[in-house]
Amino acid sequence: MHLKKISSLLCATLLLIIGAAFSARAQNGYARDPNQQVDQDYTKKIAEYTTEKFFNSPLTDYLPASSNIPTPKAVLGDVAGAPNKLPYAEDVYKYMRMLEKASPRVKVFSIGTTEEGREQLAVAIASETLLAKMEENRARLAKLADPRTINMNDAEADRLVEQSFPIYYITGTIHSPETGAPTALMELAYRLVVDDSPYIKSIRDNMVTLITPVVEVDGRDRMVDVYNWHLANPGKNWPNLLYWGHYVAHDNNRDAMGLSLKLTRNILNTYLYWKPQVLHDLHESVPYLYDNTIGDGPYNAWVDPILTDEWQLIGWKNVSEMTKFGMPGVFAHGTFDTWSPGYLMFIAATHNGISRLYETFGNGGADTLTRTLSPSEYERTWYKQNPPLPRAKWSQRNNNNYEQTALLVSLDYFNKNQKLFLKNFYLKSKRSIEKPKVEGPAAYVFPGDDPRTGNQAGLLRVLQAQGCEISRTTAPFTVSVKKKASGRGPRGGQPATPAASPAAKPDDTEPRTFPAGTYILRMDQPYSRIADALLDYQYWSPRDPQQNVYDDTGWTFGEAANVQVVRVTDTKVLDAAMQPVSGEVHAAGGVTGTGSTYLVNANADNNLITLRYRLRKASFDAAEDSFEADGKKFNRGSFIIRNATTDEVNKVTADLGVAALAVATAPTVKAHPVKAARVAIMHTWQSTQDEGWWRIAFDQMGVPYDYISTQEVAKDSDLNKKYDVIVFGPGGGNPSGVIQGRPMYGNPIPWKKTELTPNLGGFASTDDMRPGLGYTGLMNLQNFVKNGGVFIGADDSASFAVTTGFAPGVSIQNSSRLRAIGDLLKTRMVDATSPIAYGYGDTLSVYCFNGPIFNVSNVVGGGGGGRRGGGGAGRATGRGSVDDPDVVQGRPPTELPEPPPQAEVWEASPINEEQRRNLVGLIPPALRPRVIMRWGNANELLVSGLLDGGDEIAQHAAAIDSPLDRGHVILFSMNPFWRGQTSGSYSLVFNTILNFDSLNAGRKLDEK
Ligand SMILES: [Zn+2]
């Protein structure tokens, strides 16, 4: 063992000398070791599967031979990127573990499991010497990552930088239909272990490459199933990948803020543990390699400018080197804006590292295909001087060549400049700690008297998971905070424009005292940036040169969670008496008082529904009015719980962080029963992307449900027998698509578990994905409501219900100017007596992406109304000034009838006697749509993000309870469940479920 080590060391030294001489002759610095054998068979196959010579580079057009290290062929049976071969995650892991067994230069770590229990890996590759020092190095990187530990001492940091080696973390195939990365990373791992080219040796000897070859493991295995089905059924249409992961599809790469998915948590934890300087995520879409690390504007406003310069440095090096290799279609900039921090790679950007991302070209599987591009893809632009070919044969091997070449160029460049990047890593961390004294704020404050302590704790736990330290005050303290807005906004329906300078001027502030028990997120900590990015407000100007918005524009976490968060710039806040919170933040709960009736305040905390289902056998009532007990005030909707022991109630409420007051006598207040509703979530076979976020929240809050498809609804004529509430999340397609399903041309398309496809089916299964709800299904669904069921729809599933006649008094107005692009907008409660509004205040910020603009009417189809909105001050042309009555000449003046009462925009216009005559469509008062919430006024509507033409939706109904015979149709023009970020609006849906058979509570009916 020892002897072998010495001889290999000697060898390495010799090779270094030879290598150095060789590379002097080589122009590009990527010279090979002339003494290293090439694996001829493997190399021949690389050439065979590469469709044009220029789709490869001198870095990857060969594979070095090794007598003891297996190549990817050992598992794949062919080379990486071979046609018709897609390995399961398990096979990729098998190979990585073979490498680990064969070489001391590889170490495999298990980093957690997915929702469906599949393993995630991280593979570290470096010289044996470096790998042996990983822990010791980690301690140094931890100091650079938290300069408080070295008293912000730059000289000490320089010493640490000299002693440390960096880590470059690469993650593959988070998007399952983007299939190339796993094989590219298998081969890259082999090269990094075996290749003795001086530049690779230097990478191996001086830095660690960390690889997670498959990020979305559940989706990968399903994708391989789908591909294998396609191979086994030539000429047939194959299933599209309806479920990538267990919950969401493409959006698994939008979870770096809310951290709802296990894959995000696992990668984040790996990042926080090893402290890599780079997180580089691999994707496939546009030809042939888009290094969108640099992206386009606007850039995220909370990252350090040092980072944005690093993006340019590494990104341009990539493009420039690959251009020299003669590889077409390599570019940077492009159409990706760098505003949202929701992408997986942004874990690095918001934690003082470097985020990177490639889009390479893929065929969605391992078929070799002739690909014809659109002009926008192949035409030359300023950032694409060597564009892709209009038409070319493309293979998975080409994809693997591009991916590996680009990564090797980046690793080489990063390695050669590693001290710079390590120093930058330290500087970014240090500047994060200096935030309070420099750009601010000094802290974010979570008041100790927030009425929603459960939601508050939930938000704080997300921040803790992001690596933020939370403190809690032990005494009241007073600091100056920004004055509350005077309520005067600009006129003319335009959204308020923030001041040019965000810095609070002295006269803009007022003192505010916070109670003991207030949580504080100090900004003098290394991960202050992620907190700032999540908690601050976003503003994207409608006049921004970037008009193609890539993703959400606003996400302010306190607003979206309905939790009070105060941005404090006064550095005095850091002197408040406080103690660091150890362990996860948990709201105080449990039973106080004595008695066998338990009172729980309604405060729109999401744990209330969990409580209902956990204490399934207890009887719950909801008070229909506010009341007082033992000197405590209880809101309308508060629970009155009976038939449960104090022990039971105490255990569950303590666990959930819900306060319960035991009393001997129940309050005398009007109340209705709160039963544990039987819930179904319905999905289509067209898309499950957005409804997946609803399922996550239901699962997190312990709300049980059956997951049914439109096809099952079509087969069930008595849905009321099984369900009280059917939830139809948004994103399942337009109304016609929901009913018709997919075109019935061609072959049936199965989604089910078979020997060939062991990972399909399971929680959702069908012999044929094509049929939709159909008209029978539509009738079943409508009968379900008419017989007393509750249907819940939001965004396009609300539009579905309106379009197909579930809500006779509701119509949808076309929008022509509205641009609410993934925003938080303000709503106002209209009818706080509705159970849907229980526990909420007067306003609520909710997520909106050009939601449907509802109008309500007392007449079926929306007709019969008077004026809508605007003006009304006009008069006909005639004599006199604008306020004068007209006078007809030659007869005495007549008395005018009373003008019709003015209806607000969110209200139904009153119907006068004239209109009422023989009005068949007049909806009886008890069946008229009941508006629960409306959008805010135009001048207050925008909370966070980009809003243009907001006056189109301003004041219109935002949440409607529309009765249909004995049941209810609940319609939202917002999306209450979005990306694990909108926990503040979850309770609108949870309240509906809790009070499903008493939704008319508090309702006041029109007289006629
Ligand atoms: Zn992707």
Side-chain angles (χ1 to χ4, degrees), residues 81 86 89 92 114 120 169-185 211-224 226-227 240-257 261 263-264 267 279-296 315 318 329-349 355-366 371 377 388 394 396 398-400 402-404 406-407 548-552 687-690 692 731 822 979:
L86 276 193
V92 180
T114 65
Q120 274 190 284
Y169 189 12
I170 304 166
T171 49
T173 199
I174 183 174
H175 283 161
S176 306
E178 302 162 16
T179 50
T183 50
L185 293 172
I211 297 173
T212 291
V214 183
V215 173
E216 175 58 274
V217 193
D218 298 335
R220 172 67 181 188
D221 285 0
R222 281 195 264 278
M223 184 64 200
V224 176
V226 164
Y227 185 67
N240 71 317
L241 196 66
L242 194 73
Y243 296 93
W244 300 21
H246 189 73
Y247 292 112
V248 291
H250 193 262
D251 262 11
N252 60 5
N253 195 31
R254 301 294 184 278
D255 188 43
M257 293 193 266
L261 302 172
L263 66 86
T264 320
I267 301 290
L279 179 57
H280 189 153
D281 198 29
L282 301 179
H283 289 255
E284 287 168 26
S285 58
V286 295
Y288 295 122
L289 188 138
Y290 173 23
D291 186 330
N292 77 0
T293 302
I294 310 176
D296 202 348
N318 240 176
V330 178
F331 64 101
H333 291 300
T335 54
F336 173 79
D337 75 58
T338 314
W339 176 248
S340 160
Y343 314 103
L344 187 79
M345 62 161 172
F346 248 73
I347 287 172
S355 56
R356 301 209 67 215
L357 195 147
Y358 290 155
E359 298 280 358
T360 51
F361 199 38
N363 291 344
R371 299 290 301 269
E377 289 173 309
W394 190 256
Q396 175 152 264
N398 294 1
N399 167 288
N400 280 201
Y402 269 74
E403 238 166 26
Q404 285 187 73
L407 285 169
N548 299 313
V549 182
Y550 195 84
D551 207 73
D552 281 347
S687 167
T688 60
Q689 158 74 34
D690 292 352
R979 294 180 174 173

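Along the sequence shown, residues are numbered consecutively beginning with 1. In listed order, ligands and their atoms are each counted from 1. Predicted, not measured: the structure shown is a model, and the values here were computed from it.
Nearest to the Zn ion (ligand 1), among the N, O or S atoms that His175 has, is ND1. The atom of His283 nearest to the Zn ion (ligand 1) is ND1, with the search restricted to N, O or S atoms.
Checking side-chain atoms of His280 against main-chain N and O of Arg356 turns up no donor-acceptor pair under 3.5 Å.
One finds no salt bridge joining Arg254 and Asp552 here, because no Lys/Arg side-chain nitrogen approaches an Asp/Glu carboxylate oxygen to under 4.0 Å.
Coordination check, Glu178 versus the Zn ion (ligand 1): passed, since an N/O/S atom of the residue sits under 2.8 Å.
Checking His250, Arg220, Glu216, Met223 one by one against His175, the side-chain contact (heavy atoms from CB on, under 4.5 Å) holds for a single residue, His250.
Residues Tyr343 and Asp551 have side chains that never bring a donor and an acceptor to within less than 3.5 angstrom of each other.
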